[in-house]
K.L.:
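Dropping the structure in here first, questions after.
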Amino acid sequence: MSELIDLTLAEARDALKAKTISAVDLTKAHVKAMEEARALNAYVLETPDQALAMAKASDDKLARGDAGPLEGLPLGIKDLYATDGVRTTACSKILDGFVPRYESTVTSQLWRDGAVMLGKLNNDEFAMGSSNETSAMGPVVSPWAPPNWDKARLATALKGDKKGLLVPGGSSGGSSAAVAARLCLGATATDTGGSIRQPAAFTGTVGIKPTYGRCSRWGIVAFASSLDQAGPIARTVRDNAILLRSMAGHDPKDTTSVDRAVPDYEAAVGRSVKGMTIGIPKEYRVDGMSAEIEALWQKGIGFLRDAGAKIVDVSLPHTKYALPAYYIVAPAEASSNLARYDGVRYGLRVDGKDIAEMYENTRAAGFGKEVRRRIMIGTYVLSAGYYDAYYVRAQKIRTLIRQDFETVYHAGVDAILTPATPSPAFGIGEMGSADPVEMYLNDIFTVTVNMAGLPGLALPAGTSDQGLPLGLQLIGRPFDEEALFALGEVIEQAAGSFAPAEKWWV
Amino acid sequence: MNATLDPKKLISGATGDWEVVIGMEIHAQVTSHSKLFSGASTAFGGDQNAHVSLVDAAMPGMLPVINEECVKQAVRTGLGLNAAINLRSVFDRKNYFYPDLPQGYQISQYKYPIVGEGIVLVDLPDGSQITVGIERLHLEQDAGKSLHDQHPTMSYVDLNRSGVALMEIVSKPDLRSSEEARAYVTKLRTILRYLGTCDGNMDEGSLRADVNVSVRRPGDALGTRCEIKNVNSIRFIGQAIETEARRQIAIIEDGGTIDQETRLFDPSKGETRSMRSKEEAHDYRYFPDPDLLPLEFDQAFVDALKAELPELPDAKKARFMKDYGLPPYDAGVLVAERVQADYFEAVAKGRDGKMAANWVINELFGRLNKEGKDIEKSPVSAEQLGAIVDLIGEGTISGKMAKDLFEIVFVEGGDPRQIVTERGMIQVTDTGAIEAAVDAVMAQNPDKVEQARTKPGMLGWFVGQVMKQTGGKANPQAVSDILKAKIGLE
Amino acid sequence: MSVDQATVRRIAHLARIRVTEDEVPHLQGELNAILDFVAQLDEVSVEGVEPMTSVTPMQMKKRVDVVNDGFMADKVTANAPAADDHFFTVPKVVE
């Protein structure tokens, strides 16, 4: 049975089609793995009965030759996606017990294509975080063991406060951990400032944030409307391509979704990258960047050069302003998007002597510290007297950031290669300092992509000196996810894949 | 801005005269089937929370999608207000907390509204006309309703109205009296009803007014204004302005100053009272709604809508005056409602316009008012009324008989021509018959005939007698002429 | 720019999140740390630059004016913490 969870999503798909395995067996294997891995806290809700029912239905369809592109493939769903009849909380107390009576567009497309739902995955509360430590459901433990910890130390920490065990990144920490630990063949995730790419890099998995508007946001709990995008995390570039094809597409219920045909992304995997021009932006070489990150970057450059791509130095002059601008725009939009969590129509309500008190009590009890912090910053930067100085200015800088990319692409660059994160995964509780900005710096390489609305793919390309996975990021032209899959495949073939050495958490 | 100060409109206070300055923000519910950003119904009534979609209820992950008809309705209204149509406008979020505002923000337009400056011409009862400037018109979502009287400690929230499209029409502070304000709202309502962009039913809440009132000594700078919110009848608008102006004048004359605040008009008390505590001037933190894109359309789109617009009241009034020779007042009465104007035209077609107007305004409207009926429910159709006018024109019946005929048709219905024949109401015009009647009356009253020769005023008495003699059927003009000839007057 | 404690309290009220007096100084510190971080944006010249109004430029798609939603009072009130006969109920609002 354990071999089944070692299949990639593509391999499982092919095996199901070839009838060498059954969907029910495949799902059973993953349900078992999910149950055994509870200590990792990747799943916040398991739906084994529903999964088995869906798998049975898939076996029927496979037998009839009526299989969808994802038929019988078990997936984990980030708890930001509304799933009809299945509790959805955004990992926040304020959505305690919320059971949507509707299905997000992206997940309905997955079910339409035959996928199986194993359960809901943990995430940073309202997608605000870079380590999954702000979740009201507790932190997620990365299946990568901290370097040089012995079995006893691992077991103690796992049973106890989890301190020192590695974070899987965030906000899609449950998704990345579940994929890396083989608790699902793939997972849905969301990315607002790096929440797909950074967790992928931390866990040796592959994730793509598509172009803004490629996937529908309808039914996904909104964090920052102009930055959020849905995307997959999976073990390989091909798996990502397969999942994205099902997730993407125009949705008339989402005004910001783009009416553009969805290509067969899988067909781009394995496409030659000969003659493509890859830009290396000098501004991503930040002060104090570690030698191993620089080495990883050079390694990636070498892989692409060997495959026939042309490497050029480029400049994206406003790079360093993306993170501070992001920490104005995202909280501002979030402060407004989270106003609906008021205890009136759903979720937590803490009573008060009148409605004003009820609001204040409910939201104080329901929101965690990071969420409260961002709502307050967002409220402040939109408030009278500060709107022009902060929000408008940040939106102007956003235009400049996008123009930087447009200039580079216009000059003939097809894609840009950068590191995905400034460091490998750190320990749970390690970044507990008083300075919130320290945590924000994890997104320094990824936020530019959300600010410009471009597609970005992260994949592992090597390991740190201590053996932890390190990731690279490919940034593409608008709606050119295919280039990213082609280039990503080249790197993946050259670098190999990365998995935790053993299942130490079982 | 009305530059000239009209002394007649000043209010006299204890220490001198005061000018009232009024501006209005009208919220007009857009006539559409579904809401501005959701597909739920806008129909009035309906069980609580039945006309509510997941978007209206602000469930997690919900998103707005704009209704194309609401955009068109706003453009049509802007055209009807002779206003600038902005080819690019932006929707902003207006953020505040209230239980009938599920999103915690209202989608509105702040910096870049869909319609810019315009003009409304308003006729006043005394025959004069004022020009009221329109500042802007924008689209926004309506809020739901909170009921505070269903339970001792709880408020009940119904979101049916939440998300319905509103047009907020902001006037410039050009109004100078409660009469002007009432006339302005009346005219605005008429324009909206003509356009079909708002039904103007104030009792259903389709049209609501926020009235800004300030006072000043003539010639001074503008005074501090107070906003009276949600006044829902034209009558109350007038009353609210009167009491608020006097309240402010009394305060200032007493040596006090006006606090800028929001007030409510209490019709039962006939006064305004302060609505919100002053500690919180709302900070709405407007910013462009990131779930939407800027609203853009081209001039061709606007022109196409303009080409389809119906004839509006001002143009129709001018045409009635020109084509039917009507005086301004009569034309104004007829165009106040499009259905009235259409009714009149059906009667006036191929007939004497002035006579038709007279019958519609004085006879029909008068009679309908007595019954409290609208023209839509008139028991007398335009065809029937037209037939009555024809019968007069042909000389078949006299004016007096026509009134009797009208009453019969109003109460009993029927074809006027048939009634006239059946009930022998045909006017006697046969001069022979009239002469015979005149001869008879003159023979019966020889002394009066003598008197009439020197007192022409007695002619009237004779006409009356002859009319009696003929059972009211003689043509009075013919009677008068024949009498004059026979008595020897002229 | 930095915020004082009165501002922290005002913002918390605008956001309808109760903060205790004990929490105010700590929050003040956190907010100021973030504001210090974003202050570097003042270095950038934004002369003549338009703020980003749509991430992926396109014409806004509109809906046809038909009633195709609603009539789901059950669904809409299904998760309500307090409801009565399909009304949402809340502690009384003082006008």
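Letters A, B, ... are given to chains in the order of the sequence lines, protein chains preceding strands, and every chain is numbered from 1.
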K.L.:
Is C:Ala83 close to chain B through its backbone or its side chain, or both, or neither, when contacts mean heavy atoms under 4.5 Å?
P.N.:
neither
K.L.:
Within the structure provided, determine whether C:Lys61 and B:Val65 are in side-chain contact (heavy-atom separation under 4.5 Å).
P.N.:
no
K.L.:
Are C:Val66 and B:His33 close enough that some pair of their side-chain heavy atoms sits under 4.5 Å apart?
P.N.:
no
K.L.:
Roughly how far apart are C:Gln59 CD and B:Leu295 CG, rounded to 0.5 Å?
P.N.:
8.5 Å
K.L.:
Among C:Asp85, C:Asp69, C:Val90, C:Asp65, single out the residue with the greatest number of heavy-atom pairs under 4.5 Å to chain B.
P.N.:
C:Asp65
K.L.:
To the closest 0.5 Å, what do you measure between OG (B:Ser34) and CZ (C:Arg63)?
P.N.:
4.0 Å
K.L.:
Taking the side chain as every heavy atom from C-beta outward, state whether B:Gln48 and C:Thr77 have any atom pair closer than 4.5 Å.
P.N.:
no
K.L.:
CG of C:Asn68 to OG of B:Ser41: how many Å apart, nearest 0.5 Å?
P.N.:
11.0 Å
K.L.:
Between B:Pro152, B:Ala43, B:Gly144, which has the largest tally of heavy atom pairs under 4.5 Å with chain C?
P.N.:
B:Pro152
K.L.:
Give the minimum heavy-atom separation between B:Glu68 and C:Lys62, together with the two atoms involved.
P.N.:
CB-CB, 3.8 Å
K.L.:
Drop me the distance from B:Asn49's CG to C:Phe71's CZ, to the nearest 0.5 angstrom.
P.N.:
12.5 Å
K.L.:
Quick one: does C:Thr89's side chain get under 4.5 Å of B:His151's, heavy atoms only?
P.N.:
no
K.L.:
Side-chain contact test, heavy atoms from C-beta onward, threshold under 4.5 Å: evaluate it for B:Glu69 versus C:Val64 and give yes or no.
P.N.:
no
K.L.:
Could you check whether any side-chain heavy atom of C:Asp84 comes within less than 4.5 Å of a side-chain heavy atom of B:Gln150, counting everything from C-beta outward?
P.N.:
no
K.L.:
For B:Met59, is it the side chain, the backbone, both or neither that has a heavy atom under 4.5 Å from a heavy atom of chain C?
P.N.:
side chain
K.L.:
Flag the pair C:Lys92 / B:His148 as yes when at least one side-chain heavy-atom distance between them is below 4.5 Å, and no otherwise.
P.N.:
yes
K.L.:
What distance do B:Ile66 atom CD1 and C:Met60 atom CE have between them, rounded to the nearest 0.5 Å?
P.N.:
4.5 Å
